[in-house]
Amino acid sequence: RPRSMNREGVTPALGDHQARMLLAAPPQGTLKGKRDRAILATLLYHGLRCEELCPLTVGSVHQREGVLHIRVEGKGDKIRYLPLHVLAQWLIAAYLKAAGHEEDLKGPLFRRIKKNRTRVLAKPLQPVSVYSDIVRHYAREVGLLEAVPGLCVHSLRATATTNALSHEADIAKVQEWLGH
């Protein structure tokens, strides 16, 4: 069958107000809420794939030429450096301070909060857990699951891309930023 010439993606993107609602959904006063806000901000502002977010280490956030960057290992072992958005920077710092593992540079950036079967907290989150326990959970809480059919983690990547392009970012830079 010939390829479709439809250039529009099938992954739904959130509007600005919907993205703000999702980002505000996790509670501010708990460690889990702080972690989940930092995760959502990282996904929404940087367009990371879930598989790129989970293996991030504390040392992945570092200064380059005086600006905080995040070192991302993408598909095909491509490494890219993304300037850290100010809000994501602030939320990650608040989470790390509350969690107390800001000095463990080789350890996972986003960790489990509660011990379960393994009794080890210093393990990275799994992509399926980011999808079900964070993105879908908070989307359901604020009513986005009904409002945005097909909402998934990749929707946050589509949101970051759409937002950058609608604010007249250079498409070549956006492609580079996404690891394409």
Side-chain angles (χ1 to χ4, degrees), residues 11 13-14 16 19-20 22-26 28 31-113 121-131 133-135 138-139 152-180:
T11 304
L14 301 176
D16 286 346
R20 280 192 290 276
L22 184 62
L23 194 54
Q28 291 180 342
L31 180 59
K32 182 181 184 324
K34 289 177 184 191
R35 181 202 65 190
D36 294 352
R37 278 178 182 249
I39 288 171
L40 290 171
T42 304
L43 291 169
L44 281 165
Y45 287 113
H46 301 95
L48 298 184
R49 296 175 181 97
C50 204
E51 292 76 16
E52 296 170 340
L53 174 93
C54 292
L56 290 176
T57 63
V58 176
S60 297
V61 178
H62 61 279
Q63 291 226 0
R64 287 175 55 101
E65 299 173 6
V67 177
L68 268 180
H69 279 70
I70 192 162
R71 181 182 186 271
V72 179
E73 293 183 35
K75 282 185 174 180
D77 295 324
K78 293 182 200 169
I79 295 176
R80 63 191 193 277
Y81 296 90
L82 304 174
L84 200 56
H85 186 277
V86 176
L87 181 59
Q89 178 182 333
W90 183 80
L91 291 171
I92 289 170
Y95 158 65
L96 286 174
K97 185 176 180 189
H101 65 269
E102 64 263 28
E103 301 300 322
D104 182 13
L105 299 180
K106 293 190 185 286
L109 177 60
F110 300 115
R111 302 175 179 198
R112 298 175 180 173
I113 300 298
L121 289 176
K123 283 191 172 182
L125 295 176
Q126 296 299 312
V128 72
S129 134
V130 171
Y131 170 66
D133 299 339
I134 298 172
V135 175
Y138 294 114
C152 60
V153 177
H154 206 69
S155 298
L156 305 186
R157 183 172 168 89
T159 301
T161 305
T162 303
N163 197 8
L165 292 174
S166 67
H167 287 89
E168 300 178 11
D170 179 33
I171 194 162
K173 284 291 184 188
V174 173
Q175 285 176 321
E176 180 184 325
W177 170 58
L178 293 172
H180 286 190

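All values reported here derive from a predicted model rather than from experimental measurement.
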Under 4.5 Å between any side-chain heavy atoms of [X] and [Y], yes or no?
| X | Y | answer |
| --- | --- | --- |
| Phe110 | Thr42 | yes |
| Thr57 | Leu109 | no |
| Tyr81 | His62 | yes |

Ring-ring centroid check Tyr95 His101, cutoff 6.0 Å = yes
Are Tyr131 and His154 an aromatic pair by the rule of ring centers under 6.0 Å?
-> no
Value rounded to 0.5 Å, distance of [atom1] in [X] from [atom2] in [Y]:
| X | Y | atom1 | atom2 | result |
| --- | --- | --- | --- | --- |
| Leu91 | Leu96 | CG | CG | 11.0 Å |
| Leu43 | Arg157 | CG | CZ | 10.5 Å |
| Thr159 | Leu14 | OG1 | CG | 3.5 Å |
| Ser60 | Leu84 | OG | CG | 11.0 Å |
| Leu40 | Leu22 | CG | CG | 5.0 Å |
| Leu48 | Leu53 | CG | CG | 6.0 Å |

If you look at every heavy atom in [X] and [Y], which pair is closest and at what distance?
| X | Y | value |
| --- | --- | --- |
| Pro124 | Pro108 | N-CG, 3.5 Å |
| Ala19 | Leu44 | O-CD1, 3.9 Å |
| Ala41 | Leu23 | N-CD1, 3.5 Å |
| Pro26 | Gly33 | CB-O, 3.5 Å |
| Pro83 | His46 | O-NE2, 3.4 Å |
| Gly74 | Glu52 | CA-OE2, 3.2 Å |

Describe, in one word, how the ring planes of Tyr45 and His85 are oriented to each other, choosing from parallel (under 30°), tilted (30 to 60°) and perpendicular (over 60°).
-> parallel
Between Arg49 and Lys75, is a side-chain contact (heavy atoms from CB on, under 4.5 Å) present by the stated rule, with each step listed?
-> CA-CA 9 Å; Arg49 296 175 181 97; Lys75 282 185 174 180; 3.7 Å; yes
Non-neighbouring partners of Asp133 that pass salt bridge (Lys or Arg N to Asp or Glu O under 4.0 Å), sequence neighbours left out = none
Look at atom CD of Gln28 and say whether more than 12 heavy atoms of other residues, nucleotides or ligands are closer to it than 6.0 Å.
-> no
If only atom types and distance count, is the side chain of Arg35 paired as donor or acceptor with the main-chain N or O of Arg111 below 3.5 Å?
-> yes
Counting distance only, does the side-chain N/O of Arg80 pair as donor-acceptor with the main-chain N or O of Glu73 below 3.5 Å?
-> no
